[in-house]
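Take a look at the structure below.
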Amino acid sequence: MKLAIGSDHAAPEMKQALISHLEGRGVAVVDTGAFPEDEGRFEYPVIGCRVGKLVAGGEVDGGVLVCGTGVGMSLAANKVRGVRACVCSEPFTARLSKEHNNANIIAVGARVVGIEMAKSIVDAWLDAQFMGGRHDRRVDMIMEIDSTGGLQDES
Ligand code: RB5
């Protein structure tokens, strides 16, 4: 299991805590920044796009994004074709984001949840499996919108 992780200037401590947590679980982590030496130069769209490209390109198995709210990161990552990024503030939604929506990126807000809750959110997403079945068609529909800009069949 290899995950990419990224944060903006609002969340370096949470990113570091999540890296340690993931590595403690035996997950290989690719840190895409931002790094202290970047001195806040990289805004959340840059990092969201970086992680999104690694995930969509299959270079990693998934991604973790952290910014102030998780919203900007997830919006940016979702603009990369093939990404299904969900921002979550609790583990239930995080688990369902994988089971039902096959989310390949989880985003959290460092100004919204504490570090222990962020770990629980990431764990819930990581431990869950996509259920397939009735959810396949729905996720396929999302990916059709992603690749064509719409849906051929709205029934
Ligand atoms: C930065 O101030 C903040 O806007 C950013 O971290 C994030 O919350 C955006 O969605």
Side-chain angles (χ1 to χ4, degrees), residues 1-25 27-128 130 138-139 141-150:
M1 169 67 63
K2 181 155 75 160
L3 298 179
I5 193 166
S7 76
D8 69 356
H9 61 279
E13 295 86 6
M14 184 171 282
K15 182 184 71 162
Q16 208 46 55
L18 289 174
I19 290 172
S20 304
H21 180 67
L22 288 165
E23 288 177 343
R25 287 188 50 148
V27 174
V29 182
V30 179
D31 187 355
T32 67
F35 301 105
E37 58 270 27
D38 298 332
E39 292 171 348
R41 268 183 300 136
F42 296 117
E43 303 286 7
Y44 62 78
V46 176
I47 308 295
C49 182
R50 274 184 197 169
V51 170
K53 283 183 163 181
L54 289 172
V55 172
E59 288 158 76
V60 293
D61 303 303
V64 178
L65 292 171
V66 201
C67 64
T69 58
V71 172
M73 286 285 195
S74 56
L75 286 174
N78 273 318
K79 295 298 178 190
V80 178
R81 198 165 276 185
V83 166
R84 291 176 301 281
C86 296
V87 54
C88 294
S89 300
E90 35 69 32
F92 176 75
T93 309
R95 175 167 66 80
L96 272 286
S97 78
K98 177 74 79 54
E99 290 184 350
H100 289 192
N101 315 112
N102 205 11
N104 50 15
I105 294 183
I106 194 89
V108 290
R111 294 174 180 163
V112 181
V113 300
I115 283 174
E116 292 310 313
M117 177 57 80
K119 290 178 191 172
S120 298
I121 290 166
V122 170
D123 283 346
W125 169 76
L126 207 50
D127 291 339
F130 179 51
R138 297 161 184 168
V139 174
M141 291 168 84
I142 294 171
M143 301 327 289
E144 183 186 338
I145 300 168
D146 188 47
S147 58
T148 70

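Source: prediction; values computed, not measured. Atoms within a ligand are numbered from 1 in the order they appear, just like the ligands themselves.
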(message) Is it the case that over 12 heavy atoms from other parts of the model lie below 6.0 angstrom from the CZ atom of R81?
(response) no
(request) Quick one: look at T69 and ligand 1, take heavy-atom pairs under 4.0 Å, and tell me if it's side chain, backbone, both or neither. (result) both
(request) Can you sort out which atoms of ligand 1 are near G68, meaning under 4.0 Å from one of its heavy atoms? (result) 5 (C), 6 (O), 7 (C), 8 (O)
(message) Can you tell me how far apart CG (L65) and CD1 (I47) are? Round to the nearest 0.5 Å.
(response) 9.0 Å
(request) Write out the residue and atom name of the closest protein heavy atom to atom 7 (C) of ligand 1, then the distance separating them to 0.1 Å. (result) C67 SG, 3.4 Å
(request) Go through ligand 1 atom by atom and flag the ones less than 4.0 Å from a non-hydrogen atom of Y44. (result) 5 (C), 9 (C)
(request) Would you kindly specify which portion of M73 sits under 4.0 Å from ligand 1, judged on non-hydrogen atoms: side chain, backbone, both or neither? (result) neither
(message) Please check if the number of heavy atoms outside F35 that lie under 6.0 Å from its CZ is greater than 12.
(response) yes
(message) Among V55, I19, V64, which residue satisfies the side chain to side chain contact (heavy atoms under 4.5 Å, CB included) criterion with L3?
(response) V64
(message) Suppose I only count heavy atoms of H9 and a 4.0 Å limit; which atoms of ligand 1 are within that range?
(response) 1 (C), 2 (O)
(message) Rounded at 0.5 Å granularity, tell me how far CG in N104 sits from CZ in F130.
(response) 11.5 Å
(request) Look at atom 5 (C) of ligand 1 and say which protein heavy atom is nearest, naming residue and atom and giving the distance to 0.1 Å. (result) D8 OD2, 3.2 Å
(message) For the NZ atom of K119 and the CG atom of L18, what is their distance to the nearest 0.5 Å?
(response) 8.0 Å
(message) Would D31 and K15 count as a salt bridge (charged side-chain N to carboxylate O under 4.0 Å, His left out) here? Give the steps.
(response) CA-CA 9 Å; D31 187 355; K15 182 184 71 162; 2.9 Å; yes
(message) Among all the protein's non-hydrogen atoms, which is closest to atom 2 (O) of ligand 1, and how far away is it?
(response) R111 NH1, 3.3 Å
(message) I'd like to check which ligand 1 atoms, numbered from 1 as shown, lie under 4.0 Å from a non-hydrogen atom of G72.
(response) 9 (C), 10 (O)
(request) Heavy-atom contacts with A10 under 4.0 Å: which atoms of ligand 1 show up? List them by number with element. (result) 6 (O)
